[in-house]
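What you see below is based on every heavy atom in this structure, not just the backbone, and it leaves out hydrogens, waters and symmetry mates.
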Amino acid sequence: MLSIRQIHFSYNEQKNVLRGVSIDLNPGEVFGIVGASGGGKSTLLKIVAGLLGPSKGSVYWNEERVLGPGERLIPGHSEIQLVNQDFNLDLFHTVRENIRVKILHLHEKDRERFCDELLDLVELNEVAAQQARYLSGGEQQRLSIARALALESEVLLMDEPFSHLDAHLRMKIGAYIKQLVEVRNTLCILVSHEGDEVMQWCRKIAFLSKGKFSRIDTPEAFYFNPSNFDEGAYFGELNELKEGRSKNLFRPCEYKIVKKDGLEVQFTDAVFFGAYWKSFFKTPDKQTIVLYSNKPLKKVKRIELKSKNTKA
């Protein structure tokens with residue numbers, strides 16, 4: 001079990017980044033953390049990995065405290081690997097050498113087979129003999145992921161791991177990680193400011209706000225029952241209708257078309273997004289809402305909201 005206990009961190013007296021973050025996580029799950037850029041997500045992962053010392057609090061892996069950089073000659077924990085935007089590559093080594101150096105403990109045949117498997121996963125076969133310094137930012141990110149996976153550590157921390165990747169690579173690598181978690185009983189913590197990306201891989205998600213976990217819930221709960229507009233907007237497009245002093249929050253899929261009663265709307269535009277259309281409407285008081293459908297909703301005059309999610 002990974003235990004994060006009352007973690008506080010501040011860069012100076014004016015900027016408290018983390019204010020008592022606590023949670024217990026078990027192996028065999030992918031746990032997501034979502035929040036604003038600069039909100040402390042990356043700092044928390046560095047503390048969990050033993051690369052940064054907290055101002056207060058402790059991190060435990062299997063009831064053993066994770067030592068900070070001031071307590072170890074070489075910072076970090078052998079069973080906790082962090083993939084972040086620093087990449088941490090051997091720039092003058094080839095792509096293959098960057099992976100191979102992480103699996104020297106394996107028999108030569110197994111080493112080469114595993115290396116080939118990871119190169120194929122991150123689609124770097126064609127540049128395997130190239131020095132890492134000549135790779136693009138996206139290629140370096142993919143190599144960083146491959147190096148972390150090569151170690152087969154018990155805890156995998158991933159900080160915005162898919163930010164430079166094409167959509168098909170995100171799905172391919174994400175599926176591999178999810179399978180790894182299930183087969184090897186690994187714990188993976190996935191951090192992103194894109195909640196809709198995290199939802200597809202995680203069963204539980206924490207929302208980090210003002211230095212604390214303001215909410216820990218399922219992807220479905222975050223999507224269909226947001227606490228407020230700011231939180232809900234991280235997990236996908238969200239409509240906000242003001243009704244007096246209240247605000248009605250609903251997703252573009254939470255409606256049905258009606259002929260009478262309901263909310264009067266006026267069609268203004270439609271945009272094709274491949275799997276669906278986004279139709280734009282104006283309400284009588286000039287508020288804009290968006291509805292999803294399999295064709296443009298040009299003739300729609302009235303709708304009824306399936307979910308009344310009203311926030312004061």
Heavy-atom side-chain contact between V198 and F222 under 4.5 Å: no

Closest contact, heavy atoms only, A132 versus N98: CB-ND2, 3.7 Å

Single-linkage hydrophobic cluster F235~V290, side-chain heavy atoms < 4.5 angstrom: no

Close side-chain approach of V300 to S279, heavy-atom, < 4.5 Å: no

Pair Q287-K242, side chain to side chain contact (heavy atoms under 4.5 Å, CB included): steps then yes or no: CA-CA 8 Å; Q287 297 185 72; K242 296 178 181 178; 3.7 Å; yes

Beyond-backbone contact of R96 with C115, side-chain heavy atoms, under 4.5 angstrom: yes

I74 CD1: over 12 foreign heavy atoms closer than 6.0 Å: no

Nearest heavy-atom neighbours spanning V127 and V95: O-CG2, 3.2 Å

Salt bridge E117-R113, side-chain N to carboxylate O under 4.0 Å: yes

List, one per line, each side-chain donor-acceptor pair under 3.5 Å for residues 266-277, sequence neighbours excluded.
unit_1: T268; atom_1: OG1; unit_2: F280; atom_2: O; d: 3.0

Stepwise side chain to side chain donor-acceptor pair (under 3.5 Å) test for E64 and H77: CA-CA 11 Å; E64 180 180 327; H77 191 288; 4.9 Å; no

Contact check, side chains of L297 and I303, non-hydrogen atoms, under 4.5 Å: no

Over 12 foreign heavy atoms within 6.0 Å of CZ, R184: no

Trace of the salt bridge (Lys or Arg N to Asp or Glu O under 4.0 Å) decision for E108 with R100: CA-CA 10 Å; E108 186 175 353; R100 188 190 289 129; over 6 Å; no

Worked verdict on I99 versus R111 for side chain to side chain contact (heavy atoms under 4.5 Å, CB included): CA-CA 9 Å; I99 298 174; R111 189 187 314 152; over 6 Å; no

Residues in salt bridge (Lys or Arg N to Asp or Glu O under 4.0 Å) contact with D217, at least two apart in sequence or another chain: R215

Approximate separation, where rounding is to 0.5 Å, of K41 NZ and L157 CG: 14.5 Å

Chi angles and distances behind the salt bridge (Lys or Arg N to Asp or Glu O under 4.0 Å) call for D166, R142: CA-CA 11 Å; D166 296 335; R142 282 142 61 187; over 6 Å; no

H8 side, atom NE2; N16 side, atom CG - distance, nearest 0.5 Å: 9.0 Å

Closest non-hydrogen atom pair, A128 against L119: CB-CD1, 4.0 Å

Minimum-distance pair of heavy atoms, taken over all atoms of L82 and A49: CB-CB, 4.2 Å

Derivation and outcome, side chain to side chain contact (heavy atoms under 4.5 Å, CB included), residues L2 and I189: CA-CA 11 Å; L2 180 72; I189 301 179; 3.8 Å; yes

Linked, directly or transitively: I145 and L143 (ILVMFWY side chains, under 4.5 Å): yes

Taking every non-hydrogen atom, the tightest pair across I205 and V34: CG2-CG2, 3.8 Å

Validation row: M158, V30 side chains within 4.5 angstrom (heavy atoms): no

Nearest-0.5 Å distance that lies between atom CG in L106 and atom CD in E152: 7.0 Å

Residues that Y234 engages under ring-ring contact (aromatic ring centres under 6.0 Å, His included), provided they are two or more places apart: F207

R251 side chain to Y223 backbone, donor-acceptor under 3.5 Å: yes

Within one Ile-Leu-Val-Met-Phe-Trp-Tyr cluster: I103 and V122, side-chain cutoff 4.5 Å: yes

Same apolar cluster: L67 and I4, side chain cutoff 4.5 Å: no

Side chain to side chain contact (heavy atoms under 4.5 Å, CB included) evaluation trace for W201 with S192: CA-CA 12 Å; W201 305 117; S192 179; over 6 Å; no

Atom pair CG (N248) and CZ (F250), whose distance is rounded to the nearest 0.5 Å: 6.5 Å

Partner set under side chain to side chain donor-acceptor pair (under 3.5 Å) for E139, not counting sequence neighbours: S136

Taking every non-hydrogen atom, the tightest pair across P219 and K204: CD-N, 4.5 Å

Minimum side-chain heavy-atom gap I23-F213 below 4.5 Å: yes

Non-neighbouring partners of F114 that pass ring-ring contact (aromatic ring centres under 6.0 Å, His included), sequence neighbours left out: none

R147 side-chain N/O to N88 backbone N/O, donor-acceptor pair under 3.5 Å: yes

From CD (E304) to CG (D261), nearest 0.5 Å: 8.0 Å

Nearest-0.5 Å distance that lies between atom CG in L180 and atom CG in N185: 10.5 Å

Student check: side-chain heavy atoms of L91 and Q140 closer than 4.5 Å: yes

Close side-chain approach of F162 to E194, heavy-atom, < 4.5 Å: no

Hphob cluster co-occupancy, L51 + V21, side-chain heavy atoms under 4.5 angstrom: yes

E97 side chain vs H93 backbone, donor-acceptor pair below 3.5 Å: no

Give every donor-acceptor pair under 3.5 Å between a side-chain atom in residues 54-62 and any protein atom, sequence neighbours left out.
unit_1: S55; atom_1: OG; unit_2: S10; atom_2: N; d: 3.2
unit_1: W61; atom_1: NE1; unit_2: E154; atom_2: OE1; d: 2.7
unit_1: N62; atom_1: OD1; unit_2: M1; atom_2: N; d: 2.9

Check against salt bridge (Lys or Arg N to Asp or Glu O under 4.0 Å), R65 and E71: CA-CA 11 Å; R65 188 169 67 85; E71 301 171 280; 2.7 Å; yes

